[in-house]
Number of protein chains: 2
Amino acid sequence: MLTWARRLTPPGGLSASTYTTLDTLTLAGPSRITDLADREGISQPGMTALINRLETAGLAVRTPDPTDGRASLIDITDRGREVLAARRAERAHLIAARFGALSEPDQRALDAALPAFRRLTAEMAATPDI
Amino acid sequence: MLTWARRLTPPGGLSASTYTTLDTLTLAGPSRITDLADREGISQPGMTALINRLETAGLAVRTPDPTDGRASLIDITDRGREVLAARRAERAHLIAARFGALSEPDQRALDAALPAFRRLTAEMAATPDI
DNA sequence: AGCAACTATATAACCAGCTGATGGATGTCT
DNA sequence: AGACATCCATCAGCTGGTTATATAGTTGCT
């Protein structure tokens, strides 16, 4: 039933949250671990581990925050941007193939709903009151 | 970014795949472990473990397949149906709250796209060619 | 300046949920 | 009957998360 989501997360690649964290980094620029953890809805230790993974994979870097000795700023590397773009293209390709098989009206309906869907999910991500 | 999905899977409850497996059971009736694994896109040992969890939680039962001594048929229990319904209601409530905050046109657009979205995801779940 | 309280990150120990490899029991085909 | 295929369970190992706690740095008050 939610199998379609699994199809978009092929094994051996980036996990869902590493992917979305890289995405956040491109949007928000260098960010603190705590901020990233909040944005992704995982714990701070969880985000620390995630960043460790990204860093050893060469997809992100930690630099000390010049204004706060406790914090470090995480940024995406060029390689990270490449991987992110490749992954995005791959997913787009997977979806496009199925999308093209739909009827014209179905395609139009989905297209028309996309902005609304974005607003809905943004709303949901923003309000943590389970 | 995909944080909204995490919001729909509160901790301490059913995991995403246990939930969808229960759902599949209500739709398909008593099923073999192998079939369920295929449908959910996880491995057979993974599904065995999942069914163990459901069974010890009293949400599903294993009965030997009368026509095949190797196989067992998994079925959802009444309690399973209750839990599934409760979970579904909870998710519906979460979504409805955010949905209601959207503009009228946004709501109409999402509503109109729902059948198309269902067809798209069904298509994606059915084709495993990563 | 000095100290208490707070904050940012890291570490440790643990758990859930998956994977591939393998084996035993049963079914099927010739 | 024998060879092969299929169904499921078990095992060891991995990934990605959790909570509790420690460490280092910052801030505010006196």
Side-chain angles (χ1 to χ4, degrees), chain A residues 1-3 5-22 24-25 28 30-57 59-75 128 130, chain B residues 1-3 5-22 25 30-57 59-75 128 130:
Chain A
M1 197 53 68
L2 267 181
T3 315
R6 238 185 299 277
R7 305 278 186 233
L8 291 178
T9 307
L14 298 172
S15 79
S17 40
T18 39
Y19 174 69
T20 59
T21 300
L22 279 184
T24 297
L25 284 176
S31 312
R32 301 188 162 196
I33 294 226
T34 315
D35 293 345
L36 291 173
D38 283 354
R39 262 185 101 136
E40 299 300 318
I42 67 176
S43 68
Q44 171 265 309
M47 183 53 72
T48 292
L50 194 159
I51 297 298
N52 288 343
R53 273 179 267 140
L54 285 179
E55 205 168 21
T56 62
L59 308 182
V61 281
R62 240 181 271 246
T63 56
D65 184 337
T67 76
D68 188 339
R70 299 164 300 179
S72 42
L73 293 174
I74 316 302
D75 201 1
I130 303 271
Chain B
M1 194 57 65
L2 266 180
T3 315
R6 237 185 300 278
R7 305 279 185 231
L8 290 178
T9 307
L14 298 173
S15 77
S17 40
T18 41
Y19 173 69
T20 61
T21 299
L22 279 183
L25 284 176
S31 312
R32 303 187 161 197
I33 294 228
T34 315
D35 293 345
L36 291 173
D38 283 354
R39 260 183 103 134
E40 299 299 319
I42 69 178
S43 67
Q44 173 265 310
M47 184 53 72
T48 292
L50 194 159
I51 297 299
N52 287 343
R53 271 178 267 141
L54 285 179
E55 204 168 23
T56 61
L59 308 182
V61 279
R62 244 180 268 245
T63 57
D65 183 338
T67 77
D68 188 339
R70 299 164 300 177
S72 43
L73 293 175
I74 315 303
D75 201 1
I130 301 270

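In what follows, chains carry the letters A, B, and so on, assigned in the order in which the sequence lines appear, proteins first and then strands, with residues in each chain numbered from 1.
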Just the table, please: protein N/O against nucleotides 28-30 of chain C N/O, every pair under 3.5 Å.
none

Which residues share a side-chain hydrogen bond (donor to acceptor under 3.5 Å, both in side chains) with B/S17, sequence neighbours left out: none
Starting from the C-alpha separation in whole Å, work towards a yes-or-no answer on side-chain contact (heavy atoms from CB on, under 4.5 Å) for A/L25 and A/L36. CA-CA 8 Å; A/L25 284 176; A/L36 291 173; 4.0 Å; yes
Only counting residues at least two apart or in another chain, list the ones meeting side-chain hydrogen bond (donor to acceptor under 3.5 Å, both in side chains) with A/T18. A/S15
Going by side-chain hydrogen bond (donor to acceptor under 3.5 Å, both in side chains), name the residues that satisfy it together with A/T34, two or more places apart in sequence or in a different chain. none
Spell out protein contact along nucleotides 11-22 of chain C as letters: B when the base is contacted, S when just the sugar-phosphate is, - when no protein heavy atom is under 4.0 Å; keep the 5' to 3' order. B-----SSBBB-
Residues 64-72 of chain A, side-chain donor-acceptor partners within the protein, below 3.5 Å, at least two apart:
unit_1: A/D65; atom_1: OD1; unit_2: A/T67; atom_2: N; d: 2.8
unit_1: A/D65; atom_1: OD1; unit_2: A/T67; atom_2: OG1; d: 3.0
unit_1: A/D65; atom_1: OD2; unit_2: A/R32; atom_2: NH2; d: 3.1
unit_1: A/D68; atom_1: OD1; unit_2: A/R70; atom_2: N; d: 3.0
unit_1: A/D68; atom_1: OD1; unit_2: A/R70; atom_2: NE; d: 3.0
unit_1: A/D68; atom_1: OD2; unit_2: A/R32; atom_2: NH2; d: 3.3
unit_1: A/D68; atom_1: OD2; unit_2: A/R70; atom_2: NH2; d: 2.8

Can you list the residues that meet the side chain to side chain contact (heavy atoms under 4.5 Å, CB included) rule with A/E55, with sequence neighbours excluded? A/R62
Residues two or more places apart in sequence or in another chain: which of them pass side-chain hydrogen bond (donor to acceptor under 3.5 Å, both in side chains) with B/S31? none
Given the rule in the side-chain contact (heavy atoms from CB on, under 4.5 Å) test, do B/M47 and B/I51 qualify, once you have shown the distances and angles that lead to the verdict? CA-CA 6 Å; B/M47 184 53 72; B/I51 297 299; 4.0 Å; yes
What distance separates B/L54 CG from B/T21 OG1, expressed to the nearest 0.5 Å? 6.5 Å
DNA chain D: first to last nucleotide in contact with chain A (atom under 4.0 angstrom from a heavy atom), 5' to 3', is D/dG16 to D/dT26
Results of side chain to side chain contact (heavy atoms under 4.5 Å, CB included) for B/S43 - residues two or more places apart only: B/P45
